[in-house]
Amino acid sequence: MSRADLSFAFAQTRMQARFGLRPTVADWQQVEATRDVGALLQLLRGGPRGHWTARLPARPGVHEIERRLREEWLQAVDEVARWQPEHWRDATRWMRWIVYLPSLQKIARGGRAPAWMRADPVLGPIVARGPAERAAALRGTPLEPLRGGFTERPDVPRAWSRHWESLWPRAMVDRTPLARVLALLRQARARLADAPPEMPSRELLRALEQRLALIFRRYPFSPAATASFVSLMMLDQQRLRGTLAVRSLRDSPVAPP
C-alpha cells in the first residue's frame with residue numbers, strides 16, 4: 001500500500017461516495033434489457049447517473065448522444081479535478097482527453113473528417129486545417145502536449161501518456177501504482193484493437209474494471225485512487241454510450257456523415 005496523503009482526504013471522501021453509487025450487475029442488466037431508447041432514458045434519469053442523460057431529448061439521434069455524453073464527460077472530470085489537492089489537479093484534468101484519443105489519432109493520420117468531428121468544439125478547429133497543419137492547430141490550446149503525436153507515424157495516445165507521466169509526483173511510492181493504472185489502460189486498448197470483430201469485449205472490460213477497482217481500494221488517499229476512479233467513470237460512461245447508441249440506431253437510421 002502507498003503512503004496515505006491526507007491532502008487527498010476531501011477527494012477520497014467524495015470519490016468513495018460516488019464509487020458506492022456505481023451501477024451494479026443488476027443495474028446494467030436492467031439497462032441493457034430495456035430496448036426502447038425513450039424508456040431507457042426514463043430509467044437512467046431515475047438513477048445516480050441521471051445527469052449524464054438529463055439534456056437528451058426523448059428520441060435522440062446517435063450523434064446527439066455522442067456529443068452530449070462528451071460534454072458531460074468533460075464536466076465530470078473537471079468536477080473530480082476540483083476535489084483534488086492542488087498538486088494533483090492538472091494531472092486529473094489531463095484525463096478528460098482520454099475519450100478523444102481515438103478521434104485525435106484518426107485526425108493525425110489525415111484524411112477528411114466526418115461532419116460530427118467538424119461540429120465538435122474540441123475537434124472542429126483541428127480538422128478545419130489541412131492534414132499537414134493539424135499539429136500546428138494544437139499550439140496554444142489545452143491539447144498542445146499532443147503535438148508530438150501528430151508525426152509521420154502518428155501516436156497520439158503515446159503523446160498523451162508521456163505528458164500525463166510528466167505531471168506525476170516524483171516519489172516512486174506514488175508513481176508505481178499510477179504506472180499500473182496506465183499499463184492496464186494500454187493493455188486493454190491493445191487487446192481491443194487486436195481482437196477479431198466477432199469476439200465480445202465484455203469480459204475484457206470487466207477484467208479491466210475489476211483491476212481498477214482493486215487499485216482504488218488498495219491505494220486510498222493517493223493519486224492512484226483518483227486515476228483509477230476516473231478510469232472507472234470512463235468505463236461506465238462508455239458502456240452507457242454504447243447501449244444508448246444501439247437503441248437509437250434501432251429507432252432510426254444514422255444521418256450521413
Side-chain angles (χ1 to χ4, degrees), residues 1-16 18-19 70 72-105 107-108 122-123 126 135-151 154-190 208 211-235 237-238:
M1 179 178 291
S2 67
R3 60 183 178 181
D5 182 345
L6 295 183
S7 68
F8 283 90
F10 177 75
Q12 185 68 29
T13 300
R14 299 301 296 269
M15 292 188 298
Q16 193 69 51
R18 294 283 179 89
F19 183 84
R70 285 194 299 273
E72 294 296 336
W73 167 257
L74 297 179
Q75 292 177 22
V77 178
D78 286 347
E79 180 185 33
V80 176
R82 289 193 294 271
W83 301 339
Q84 306 305 311
E86 186 173 356
H87 66 273
W88 192 241
R89 287 177 190 160
D90 286 346
T92 303
R93 287 192 191 99
W94 187 242
M95 296 189 76
R96 72 201 309 260
W97 307 121
I98 289 177
V99 298
Y100 276 98
L101 294 182
S103 298
L104 288 165
Q105 178 71 359
I107 290 171
V122 173
L123 303 176
I126 305 171
L138 304 181
R139 188 179 291 116
T141 76
L143 295 177
E144 184 166 3
L146 298 181
R147 289 181 64 197
F150 283 66
T151 59
D155 196 341
V156 176
R158 183 172 179 80
W160 179 87
S161 61
R162 281 181 172 175
H163 182 65
W164 192 42
E165 289 180 85
S166 76
L167 300 173
W168 291 0
R170 293 186 178 183
M172 288 305 298
V173 69
D174 293 317
R175 295 181 70 88
T176 297
L178 283 168
R180 291 178 186 169
V181 174
L182 181 56
L184 286 172
L185 296 176
R186 281 175 170 165
Q187 289 166 9
R189 181 169 61 89
L208 173 61
R211 291 186 176 101
L212 289 169
L214 181 61
I215 292 173
F216 178 77
R217 295 188 184 97
R218 183 173 289 176
Y219 299 98
F221 303 99
S222 76
T226 301
S228 56
F229 176 79
V230 174
S231 299
L232 285 165
M233 189 167 66
M234 175 190 67
L235 292 180
Q237 204 207 51
Q238 286 183 339

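- Between R96 and P142, every side-chain heavy-atom pair lies at or beyond the 4.5 Å cut-off.
- How far CD of Q75 is from CG of D78: 8.0 Å, rounded to the nearest 0.5 Å.
- Summarising the geometry of S231 relative to L185, their closest heavy-atom pair is OG-CD1, 3.8 Å, with the distance given to 0.1 Å.
- Contact annotation: the side chain of M233 approaches that of V77 to within less than 4.5 Å [non-hydrogen atoms, C-beta and beyond].
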Handout entry: side chain to side chain contact (heavy atoms under 4.5 Å, CB included) evaluation trace for R18 with E79
Key = CA-CA 12 Å; R18 294 283 179 89; E79 180 185 33; 3.1 Å; yes

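- Across every non-hydrogen atom of G148 and A159, the tightest pair is C-CB, 4.2 Å.
- Remark: S228 OG to L212 CG distance equals 6.5 Å, nearest 0.5 Å.
- Put simply, the residue from L101, D155, L104 that forms a side chain to side chain contact (heavy atoms under 4.5 Å, CB included) with W160 is L101.
- Closest heavy-atom contact between R93 and A81: CG-CB, 3.5 Å.
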Exercise for the section: Might you work through the side chain to side chain contact (heavy atoms under 4.5 Å, CB included) test for T92 and W83, ending with a clear yes or no? Expected result: CA-CA 10 Å; T92 303; W83 301 339; over 6 Å; no

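- Summarising the geometry of Q105 relative to P157, their closest heavy-atom pair is OE1-CD, 3.5 Å, with the distance given to 0.1 Å.
- Considering all non-hydrogen atoms of both residues, L178 and A227 come closest at CD2-CB, 3.8 Å.
- For R175, the CZ atom is densely surrounded, since the number of other residues' heavy atoms within 6.0 Å is greater than 12.
- Counting only heavy atoms from C-beta outward, the side chains of I126 and T141 never approach each other to under 4.5 Å.
- Proximity of L74 to R70: side-chain heavy atoms (C-beta onward) are nowhere separated by under 4.5 Å.
- The nearest pair of heavy atoms linking D174 to P223 is OD1-CD, 4.0 Å.
- Counted within 6.0 Å of CZ on R89, heavy atoms from surrounding residues, nucleotides or ligands total more than 12; the atom is thus considered enclosed.
- Residues M234 and M95 have side chains not in contact (no heavy-atom distance under 4.5 Å, counting atoms from C-beta outward).
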Practice task
Begin from the C-alpha positions of F229 and Q16 and carry the test side chain to side chain contact (heavy atoms under 4.5 Å, CB included) through to its verdict.
Solution key: CA-CA 9 Å; F229 176 79; Q16 193 69 51; over 6 Å; no

Practice task
Please report the C-alpha distance between Y219 and V181 in whole Å, then the side-chain angles of each, then the deciding distance to 0.1 Å, and finally whether the side chain to side chain contact (heavy atoms under 4.5 Å, CB included) criterion is met.
Solution key: CA-CA 11 Å; Y219 299 98; V181 174; over 6 Å; no

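- Between F216 and F19, the ring-plane angle classifies as parallel under the 30° and 60° cut-offs.
- Within the 3.5 Å criterion, the main-chain N or O of V173 finds no donor-acceptor partner in the side chain of T176.
- Note: W88 and W164 have tilted aromatic rings, judged against thresholds of 30 and 60 degrees for the angle between ring planes.
- Looking at L184 and I215, their side chains come closer than 4.5 Å, going by heavy atoms from C-beta outward.
- In this structure, the side chains of W97 and V122 come closer than 4.5 Å at one or more pairs of heavy atoms.
- Note that CD of E86 is 8.5 Å distant from CG of D90, once rounded to the nearest 0.5 Å.
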